[in-house]
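Just below is one structure, and these are the notes that go with it.
For clarity, every value in this text was computed on a predicted model and none was experimentally measured. By convention in this document, chain letters (A, B, ...) are assigned in the order of the sequence lines, proteins followed by strands, and residues within each chain are numbered from 1.
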There are 2 protein chains.
Amino acid sequence: MAKNKKTTIQDLANYANVSIGTIDRVLHNRGKVSHAKRKKVEEAIDKLDFNPNLLARTLALGRQFTVCSLFPEAVTTESYWSLPKIGVDQGVEGFRDFGMELYTYQYSLFDESSFVKNASAILDKNPSGVILAPLFEKESLEFITKLEERNIPYVFIDANIKNKKNLSYIGPDLKGSGYIAGKLLNSVLGPSDDILIVNMVKGFENSAHTAVVENGFRDYFKQNEPQTGRNINSITIPSTTEIEVNRELTTYYIKNPGTKGVFVSNSRAHIISRYHAFHRLELKVVGFDLVPGNVAELKNGNIDYIISQRPVFQGVTAVKVLFDFFVYKKSPNPIQYVPLDIIIKENVDYYINFQ
Amino acid sequence: MAKNKKTTIQDLANYANVSIGTIDRVLHNRGKVSHAKRKKVEEAIDKLDFNPNLLARTLALGRQFTVCSLFPEAVTTESYWSLPKIGVDQGVEGFRDFGMELYTYQYSLFDESSFVKNASAILDKNPSGVILAPLFEKESLEFITKLEERNIPYVFIDANIKNKKNLSYIGPDLKGSGYIAGKLLNSVLGPSDDILIVNMVKGFENSAHTAVVENGFRDYFKQNEPQTGRNINSITIPSTTEIEVNRELTTYYIKNPGTKGVFVSNSRAHIISRYHAFHRLELKVVGFDLVPGNVAELKNGNIDYIISQRPVFQGVTAVKVLFDFFVYKKSPNPIQYVPLDIIIKENVDYYINFQ
DNA sequence: TAAAAAAGTGTGTGCGCACACAAATATAAA
DNA sequence: TTTATATTTGTGTGCGCACACACTTTTTTA
């Protein structure tokens, strides 16, 4: 039903008729211990169900874990990238007394050199571990090479680069997220309604990820609605500003008035749904991420579904993975797909209010 | 960007030119301290940004937190009630070194006296806190009265009794969960398809909760589909066994062949969806909770939507709430509605596999 | 003005563990 | 047999804090 009072190394020492020094030796497998006493101590560990007190150990060791994170910059507090940062802050806060400290760095998606510069600053810090959102693939590869040279563990968050030596990838299954978006949009459309996929490329980041999402989306219709004559077109807007997005939408909708549903493969669905409302267009919209803009549009009905990839949780989990690796030498699951939450007007508040 | 090395009480003592004894006195506001030194120490606390090391404090205090949980019994490991138990186990495990220990108790939904017996056993343990799923309202009220007499804090999980002195309620917004179920079921039905609501009463537990869920469900249709001529009937089966459920379903479906959708207000949707598959009925099904039976039926398409109320998370959170109250004297939000996750075939694996 | 009481401050111990070092015992070499 | 050398085992210190207690200085009382 529960454990009795915790047993300490002193308890072990009493049981085995040795001093705590010997206990220490067998626990850490260092120094010399006679075979007989070693056996006896091992018996004590087993019989008394010894588990070292992590608090005491941490206090005694007094070591420090420095974690650096490198994400795209959050332009405003309403930006998507402020959320993973909140997550890592929160995660590290929980391990503060265990000696963990955090330095956050951010790079501009318009400027690869800012990535390089910050990556180099991180290397100068010689951290115990790194949390990286590798949106610039080439520069990220150079960075992790250097990390590996220095034996610094790193985890990817939000975006993945496959077959690397990252401790773990914590983020969405991109293809699956597109597939789910397909199912959701389809569920609110008529069988032959035309669909527009809107991709945006903010800066110079790798757009391969967006393509994977789009493929997942299209896969849904290929596999489930093969024979309908609907059009599914996609446009890629090389910006995320309202003005540019609006211009591209106008251009597209005038030429394609039959469009009934829109899938936005990033966190800017609210820009598009506001455009719809402004022009009294009754289009269905599915997008990603619970940023404030999307929440508002979800609530007033301009967005139908938001898929959330738990960005805060990603940050928290990344920190925890590093901690477990430092302290317990635990090797995590190399790919940890976060749950893809389906958010609608009716359940959005529960997600926002909790904690 | 980050905190410098953590400041200790010794650092404070050096800054304020006093001994750690005086620091201790102002920190805990005990004993006598001259005004001048108190000011100086407070300045030190502020300037050096002192935060006590919880690890050291815990170690020094050496106190013990005994937590008791009282839930309905999980008949098999596949039952719903095994999930909150997993949660509290997990939560307590994380606080083990902080002196927290857990005793779990369970009662039979067929036997109020088992509740009373276990409640009394808990009182004998004189725990620091209690986590309770108050499904027997009358007996729960008697229990919490005694807890209050003894000044033992308690939190409700999964089910709530309003206006009581529980530290917090952690669980679903029942009405909202029914409402969401309504939206989901409606989204896969034609506008005039008839609907069956299936409630089950396993034992002698309070069925008011089920009624709230049903009201939420009906509200959705009242508010959003007012003028359709569809029938929404409900039956309440006084059992959760397959045989009894099947008999009731047969009785109902023969009389109501127009039924196209079923809402199951508990975790037994899989029993009903299996019945449908067995009899080649193409009905849409919405139910609650990611128990293995529902997961399987979701995957093979017999269930369309499952709403999950994060039972494991409820357990973890309840433990955390108690811990924060014990250690930081934090009063939590009195009502913490958990997110209601919408689970479909396409995203169910992410929920199961993560961690 | 001396003794008693109160106010103010510092020191020592222990929580459970890691680690450096000292001590004791056993074995090998001289 | 004695000394040198491994091998084995025990002790002391500190991590940051809480708390008991001892000590010093001031104030009050007789």
Select one nucleotide: of dG16(C), dG8(C), dC17(D), the one nearest the side-chain heavy atoms of S34(B). dG8(C)
L48(B) CG to dG16(D) P, in whole Å, measures 14 Å
Verify whether one side chain among Y80(A) and Q309(A) offers a donor that lies under 3.5 Å from an acceptor in the other. yes
Give the rounded distance in Å between these two atoms: CG of L55(A) and P of dG16(D). 14 Å
Mind listing the residues from residues 9-31 of chain B sitting with a heavy atom below 4.0 Å of DNA chain D? Number order is fine. I9(B), D24(B), H28(B), R30(B)
Tell me the interatomic distance from R57(A), atom CZ, to dC17(C), atom C1', rounded to whole angstroms. 8 Å
Starting from P on dC15(D), measure out to CG on D97(A) and report it in whole angstrom. 16 Å
Assign each of N53(A) and H35(B) the nucleotide of DNA chain C bearing its closest heavy atom; nearer the 5' end lies the nucleotide of H35(B)
Reckon K37(A) has a side-chain N or O less than 4.0 Å from the OP1 or OP2 of dT8(D)? no
Rounded to whole Å, the CZ-P distance (R96(B) to dG16(C)) equals 13 Å
Separation of I45(A) atom CD1 from dC17(C) atom P, in whole Å? 11 Å
N-O pairing of D11(B) and K6(B) below 4.0 Å: no
Kindly indicate whether a cation-pi arrangement holds for K125(A) with Y103(A), taking the cut-offs as under 6.0 Å to the six-membered ring centre and within 45° of the axis. yes
Exceeds 12 heavy-atom contacts within 6.0 angstrom, atom NE2 of H28(A): yes
Close aromatic pair by centroid cut-off 6.0 Å: F313(B) and F354(A): yes
note: R63(B), atom CZ; dG16(C), atom C1'; distance rounded to Å ~ 17 Å
Under 4.0 Å: is that the gap between some side-chain N or O of K32(B) and OP1 or OP2 of dA7(C)? yes
Return all side-chain donor-acceptor pairs below 3.5 angstrom for residues 12-21 of chain A, not counting sequence neighbours, or 'none' if the list is empty.
residue: Y15(A); atom: OH; partner: E43(A); partner atom: OE2; Å: 2.6
residue: S19(A); atom: OG; partner: G21(A); partner atom: N; Å: 3.2

Given DNA chain C, 5'-ward residue of the pair R38(B) and L61(B), judged by closest heavy atom: R38(B)
Listed partners of Y107(B) passing ring pair (Phe, Tyr, Trp, His ring centres under 6.0 Å), at least two apart: F115(B), F136(B)
